[in-house]
Amino acid sequence: MPSHTETKIVAYPADLMFAIVSDVEKYPEFLPWVNELRIVNRVSDTVFDSEMRVGFAGVNESYVSRVALNPPERTIDVALVRGPFRRLENHWRFVPQNGSCEIEFAIAFEFKSPVLNMVAGKAFGRVLLKMADAFEARARSLLLRAE
């Protein structure tokens, strides 16, 4: 089962990075392969279910995940509700570092389909790198707009 853990320091404030990752409805504007995202159920102000439609390497799928935000701790936990996965979870933590931010990210997933597992496994590293770059580019763009 593909999984990845990464810790990275970025030159943007922790609160900004938390806000960008928390604002899932904006993902189609800047995240590669995310074609659509909508909130399908609000459990509370900080817990909701979102449906994401993604397309990659000719495969188009949608899935629903539960997103739990913890603003005081600057953490985000995501778990599968339904979709093509047997397992999907990811965890974010944003730690302030003198005006910058240490991001801790962990993801683990397994598709129900062996074919999807094979396709995803081959592209896993490249996809994560492009997505990480997209979050940083989003932070840069938002800061430039604020100036």
Side-chain angles (χ1 to χ4, degrees), residues 1-39 46-146:
M1 166 176 17
S3 64
H4 179 77
T5 302
E6 183 170 338
T7 300
K8 181 176 185 177
I9 300 208
V10 298
Y12 305 103
D15 288 336
L16 174 63
M17 296 309 298
F18 176 83
I20 289 169
V21 177
S22 297
D23 193 6
V24 299
E25 290 177 295
K26 295 279 197 287
Y27 284 9
E29 295 177 17
F30 69 94
L31 271 181
W33 308 295
V34 176
N35 299 326
E36 182 181 343
L37 197 144
R38 64 189 181 98
I39 305 299
T46 58
V47 178
F48 55 87
D49 296 338
S50 65
E51 181 178 30
M52 183 183 293
R53 182 172 304 285
V54 296
F56 181 79
V59 176
N60 291 294
E61 291 287 345
S62 66
Y63 63 93
V64 176
S65 57
R66 171 136 313 163
V67 179
L69 309 174
N70 184 333
E73 297 294 322
R74 293 184 199 90
T75 61
I76 302 169
D77 296 307
V78 181
L80 177 67
V81 173
R82 70 176 179 274
F85 296 94
R86 181 169 287 120
R87 177 178 176 217
L88 171 67
E89 60 185 53
N90 64 63
H91 308 280
W92 298 83
R93 183 169 179 241
F94 305 89
V95 181
Q97 299 285 326
N98 297 321
S100 61
C101 171
E102 178 182 87
I103 301 172
E104 298 172 6
F105 175 72
I107 185 168
F109 70 91
E110 180 180 11
F111 283 99
K112 294 174 186 172
S113 159
V115 173
L116 286 177
N117 270 327
M118 188 178 359
V119 170
K122 288 181 180 179
F124 188 66
R126 184 172 57 124
V127 168
L128 284 179
L129 183 59
K130 290 264 300 176
M131 292 182 82
D133 289 347
F135 281 110
E136 283 190 71
R138 179 72 169 179
R140 186 170 38 259
S141 169
L142 291 174
L143 285 177
L144 287 174
R145 280 191 224 158

Steps toward side chain to side chain contact (heavy atoms under 4.5 Å, CB included) verdict (V21, Y27) | CA-CA 8 Å; V21 177; Y27 284 9; 3.5 Å; yes
Is the shortest heavy-atom distance from the side chain of V78 to the side chain of L88 under 4.5 Å? no
* With the side chain counted from C-beta on, respond yes when R53 and N60 share a heavy-atom pair under 4.5 Å apart, and no when they do not. => no
- Query: Just wondering, do Y12 and L142 contact through their side chains at under 4.5 Å, heavy atoms?
  - Reply: no
### Query
Under 4.5 Å between any side-chain heavy atoms of F94 and I76, yes or no?
yes
Rounded to the nearest 0.5 angstrom, the OG1-CG distance for T5 and N90 is 11.0 Å
So ring-ring contact (aromatic ring centres under 6.0 Å, His included) across residues 58-85, not counting sequence neighbours, yields Y63-F85, F85-F111
Ionic contact status for E110 with R87, cut-off 4.0 Å:
no
For A14 and P96, the nearest pair of non-hydrogen atoms, with its separation, is CB-N, 3.7 Å
Looking only at heavy atoms, the pair that brings F48 and V24 closest together is CE1-CG2, 3.5 Å
(request) Would you check if the side chain of K112 reaches a backbone N or O of G83 as a donor-acceptor pair within less than 3.5 Å? (result) yes
Rounded to the nearest 0.5 Å, the CZ atom of F30 sits from the CG atom of D23 at a distance of 7.5 Å
CD1 (I107) and CD (E6) are apart, to the nearest 0.5 Å, by 11.5 Å
Side chain to side chain, V47 and R66, heavy atoms closer than 4.5 Å
yes
Closest non-hydrogen atoms of P13 and C101, given as atom of the first, atom of the second and distance, are C-CB, 4.0 Å
NZ of K26 to CD1 of I20, rounded to nearest 0.5 Å, is 11.5 Å
Is there side-chain contact between L80 and S65, with heavy atoms separated by less than 4.5 Å?
no
Sub-4.5 Å side-chain heavy-atom contact between R74 and V95
no
Next item on the list: Carefully, step by step, assess L31 and M131 under the rule side chain to side chain contact (heavy atoms under 4.5 Å, CB included).
Entry: CA-CA 6 Å; L31 271 181; M131 292 182 82; 3.9 Å; yes
Output for pair (E136 CD, K8 NZ), nearest 0.5 Å, gives 4.0 Å
Q. In this structure, are over 12 heavy atoms from other groups packed under 6.0 Å from E25 atom CD?
A. yes
Heavy-atom nearest pair, P28 first then L37, reads CG-N, 3.7 Å
Shortest non-hydrogen pair, P71 vs T46, comes out as CD-CG2, 4.1 Å
CH2 (W33) and CE (M52) are apart, to the nearest 0.5 Å, by 12.5 Å
- Message: Do F105 and F135 make a side-chain contact, defined as non-hydrogen atoms from C-beta onward lying under 4.5 Å apart?
- Response: no
